[in-house]
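Report on the following structure.
Atoms within a ligand are numbered from 1 in the order they appear, just like the ligands themselves. Here the structure is a predicted model, which means the values were calculated and not measured.
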Amino acid sequence: DAADIGVTGMAVMGSNLARNLARNGFKVAIHNRSVGKTETVMDEHGSDGEFFPSESMADFVASLQKPRAAIIMVKAGKPTDAVIDELAGLMDEGDIIVDAGNALFTDTRRREAALRERGLHFVGAGVSGGEEGALNGPSIMPGGTKESYARLGPMLEKISAHVDRAPCCTHVGADGAGHFVKMVHNGIEYADMQVISEAYDLMSKALGKSAGEIGEVFAEWNKGDLESFLIEITAEVLHHTDARTGEPFVDVILDQAAQKGTGAWTVQTALDLGVPVTGIAEATFARSTSGSVPQREAGRKVLPAESQTLEIADPAQFIDDLQKALYAAKLVSYSQGFDEIAAGAEEFGWDIDLGAMARIWRGGCIIRARFLDRITEAYERNATLPLLLSDEYFTTEIAKCIPAWRRIVAFAATSGYPVPVFSSTLSYYDAIRAERLPAALVQAQRDYFGAHTYQRVDAEGTFHVEWTEDRRETKQD
Ligand code: NDP
């Protein structure tokens, strides 16, 4: 009698994942570095299903059915490396090690290559949905070999969230593909959260609405195209009253947003790949701005606003504009995120089904939303769509939002309210649809000071102007 699968790391995420597996009828070996956590799981949740608890890693591995499959759910970074080493030393060829923590995809690629050398499968699996998701059904993004997915897939699909009876789990691609997609998921989450907050900010500052009133607006929006987990929880947060003061909860929170790094990874990777994920980048920087305490202190005191407080003649119209601007900014952020996944797939040789990524994000994860179906359909119409926004559904939808989006950004700029995601996504939109960009001038400057050459609109080849001599034009090969 042996376990179908094992989980090592019995903190919140690991214990919930193990319980989810057990509740779904799998025999689950469990282990934790310090025995106490394993005992707690057995004491409190032993009746969830069939567990095989072990005190040592050796016993844990021995309790697994071959080919063995063990999920690691420990602190990311060095602890993960340590546990991988320990496990690998005890495993045999063909066994599978899964890292379900939030690892940087380049670490996953490195670990996969090292374990492949030893005949082991290493699967980096993105798991989204926090502790609640881990227990009741997360969105799971596993990378690694097809062979390992054949063994793991049925189990992971069963414990994942389901939407319209379809699992929110699919094989993403080789080596680090799963963690890459999870990373971009988190980046999109940053953009989504920030733009929601910008809409809140304008309703609060420009319309003078209370948190509760704004909560009503979000609750209303959640019945339309914007329906999503993040809009839903925003309404709930805004309705919440602080127990200590009786004030709206959001008003007693220090206005500094923290980050654990996945947004920054998404932006750093996008910079390396040359993909403009401006919405995600601005959202990540917005958190950094909020945390720039001495700079804000200095700026608050001396920087003039010279703004003009615009009268809002029709608050209902303003709210309608905000809703449309929010939808448009969101579409751009998602489009940019999918561009990054496509670029990553190209760079690292992953065969990623972009439509399937939108499908497995419909449930379990933080960015779960109704409109993800529209993304899946867009990629079903054209699997190699060069720009998600250019799909007919999105062009039609965004057309309905553009005037409102421009009004909101213009209003915010004139009135002196920061809207980094609303405005950067609009600039991106206008750039990506432009007939001609001022990049021509940038390239000319580059040719001037660095002899970086340029290409012409009317002739093939590479050219350079001898700026320092007679401005002679030369053709370079
Ligand atoms: P933590 O990240 O807090 O990690 C605690 C666990 O790691 C404990 O089981 C601990 O064992 C173990 N551990 C730490 N160092 C070592 C080591 N050197 N050797 C062996 N074990 C070690 O746990 P979480 O459950 O919050 O998260 C687990 C993983 O899941 C992380 O990678 C996290 O990024 C990821 N994740 C978390 C989400 C969340 O919402 N929390 C969401 C999605 C992913 P011990 O008890 O012995 O100290």
Which residues share a salt bridge (charged side-chain N to carboxylate O under 4.0 Å, His left out) with E50, sequence neighbours left out: none
Hey, which of V123, V98, I140 is the one that makes side chain to side chain contact (heavy atoms under 4.5 Å, CB included) with L156? I140
Do the numbers put R287 on top of the ring of Y190, so that NZ or CZ is under 6.0 Å from the six-membered ring centre and no more than 45° off the axis? yes
The side-chain hydrogen bond (donor to acceptor under 3.5 Å, both in side chains) partners of S47 (sequence neighbours excluded) come to none
Determine the interplanar angle of the H31 and F60 rings, folded into 0 to 90°, and report it as parallel if under 30°, tilted if 30 to 60°, perpendicular if over 60°. tilted
Could you tell me which residues satisfy side-chain hydrogen bond (donor to acceptor under 3.5 Å, both in side chains) with R300, sequence neighbours excluded, listed by chain and number? E297
For ligand 1, the residues whose heavy atoms come within less than 4.0 Å (ordered by chain, then number): G9, M10, A11, V12, M13, N32, R33, S34, K37, M73, V74, K75, A76, P79, V83, G101, N102, V127, G130
